[in-house]
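Heads up, the thing below is written out as C-alpha cells.
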Amino acid sequence: MAVERTLILIKPDAVRRRLAGDILRRIESRGFTVVGGKLLTVTRELGEEHYGEHREKPFFGELVEFITSGPTWALVVEGEGVIATMRKTIGATNPANAEPGTIRGDLASSMPDNLVHGSDSPESAQREVALWFSADELG
C-alpha cells in the first residue's frame, strides 16, 4: 500500500465541544503522522471553494455557514492507506448511521454537526490539501 496524504478538518462543532484532542489522539493512534496543521476561521471564499462540488445542492449554503461558524483545525495526515483508513475511522457522514467506535459514531449526534471531514479519494485529497495548505507549510 502506498504512503498517501489526506486533509482532515476538525470542524467548528468539535472545536466548540473541545474534542480536537480526542480526535487527534484517534488519528495518531492509528499510526499516522500529522505533517501540517493550523487553526483558522474559514473564510466564506475558502468554504465555498472547499464545498464547490455541492454548489448546486440545496444544503450547500448550510455547509458553508457551518464551516465558517468558528475555528477549524486543518490537518494534513500522512501514512500508508491513510485516505481509506481515516474514512473508516471517521465513520458515516450522517452520525445516525455511523458505527460505534468511529469518531462520528462515538461523539457526533446530528447533521451538519458531524465533527470532522476527511478527503474521500486520492484526487480529492490532492485538491483539498493544495486548497488549505501551501507547500512550505507541510513537513
Quiz prompt | Enclosure of Arg18 CZ (heavy-atom neighbours >12, cutoff 6.0 Å) | solution = no

Exercise. For Ser134, enumerate each residue passing the side-chain hydrogen bond (donor to acceptor under 3.5 Å, both in side chains) test, keeping only those at least two apart in sequence or located in another chain.
Key: Asp136, Glu137

Quiz item: Would you say the side chain of Val15 lies within less than 4.5 Å of the side chain of Lys11, judging by non-hydrogen atoms?
Solution: no

Practice problem: For the pair Glu4 (side chain) and Val82 (backbone), establish whether a donor and an acceptor sit closer than 3.5 Å, ignoring hydrogens and angles. | Solution: yes

Quiz item: In terms of side-chain heavy atoms, does Thr89 have a donor or acceptor partner in Arg26 at a distance below 3.5 Å?
Solution: no

Ignoring hydrogens and angles, write down the donor-acceptor pairs under 3.5 Å from the side chains of residues 55-65, residues two or more places apart or on other chains.
from: Arg55; atom 1: NH2; to: Glu48; atom 2: O; distance (Å): 3.4
from: Lys57; atom 1: NZ; to: His54; atom 2: ND1; distance (Å): 3.3
from: Glu65; atom 1: OE2; to: Arg44; atom 2: NH2; distance (Å): 2.1

Quiz item: Does any non-hydrogen side-chain atom of Leu107 lie less than 4.5 Å from one of Asp22?
Solution: yes

Exercise. Please check if Leu40 and Leu138 belong to a single hydrophobic cluster, counting links between Ile, Leu, Val, Met, Phe, Trp and Tyr side chain heavy atoms closer than 4.5 Å.
Key: yes

Self-check item: Any side-chain heavy-atom pair of Thr102 and Ile90 under 4.5 Å
Solution: no

Quiz prompt | Qualifying residues under side-chain contact (heavy atoms from CB on, under 4.5 Å), relative to Gln126, sequence neighbours excluded | solution = none

Quiz item: Between Thr6 and Arg87, is any pair of side-chain heavy atoms under 4.5 Å apart?
Solution: no

Quiz prompt | Pairwise side-chain contact, Leu9 with His50, heavy-atom cut-off 4.5 Å (strictly under) | solution = yes

Quiz item: Looking at residues at least two apart in the chain, or sitting in another chain, which of them share a side-chain contact (heavy atoms from CB on, under 4.5 Å) with Thr33?
Solution: Val35

Quiz item: Got Asn94 and Met111 here, is their nearest side-chain heavy-atom distance under 4.5 Å?
Solution: yes

Quiz prompt | Minimum side-chain heavy-atom gap Ser69-Pro12 below 4.5 Å | solution = yes

Quiz prompt | Gap separating the CE atom of Met86 from the CD1 atom of Ile103, nearest 0.5 angstrom | solution = 5.0 Å

Quiz item: How long is the gap from CG on Asp13 to CZ on Arg17, to the nearest 0.5 Å?
Solution: 7.0 Å

Quiz item: Atom CZ of Arg127 and atom CD of Glu49: how far apart are they, to the nearest 0.5 Å?
Solution: 7.5 Å

Quiz prompt | pair Thr85-Ile83: side-chain heavy atoms closer than 4.5 Å | solution = no

Practice problem: Only counting residues at least two apart or in another chain, list the ones meeting side-chain contact (heavy atoms from CB on, under 4.5 Å) with Thr43. | Solution: Glu45, Leu46

Quiz item: For Phe133, is the NZ or CZ atom of Lys38 found under 6.0 angstrom from the centre of its six-membered ring and inside 45 degrees of the ring axis?
Solution: yes

Exercise answer: donor-acceptor pairs, residues 71-78 side-chain atoms, under 3.5 Å, sequence neighbours excluded:
from: Glu78; atom 1: OE2; to: Arg5; atom 2: NE; distance (Å): 2.8
from: Glu78; atom 1: OE2; to: Arg5; atom 2: NH2; distance (Å): 3.2

Quiz item: What distance separates Ile8 CD1 from Phe32 CZ, expressed to the nearest 0.5 Å?
Solution: 9.0 Å

Quiz item: NE2/His117 to CD1/Ile67 distance, rounded to the nearest 0.5 angstrom?
Solution: 8.5 Å

Quiz item: Are Asp113 and Arg16 within salt-bridge range, i.e. N to O under 4.0 Å?
Solution: no

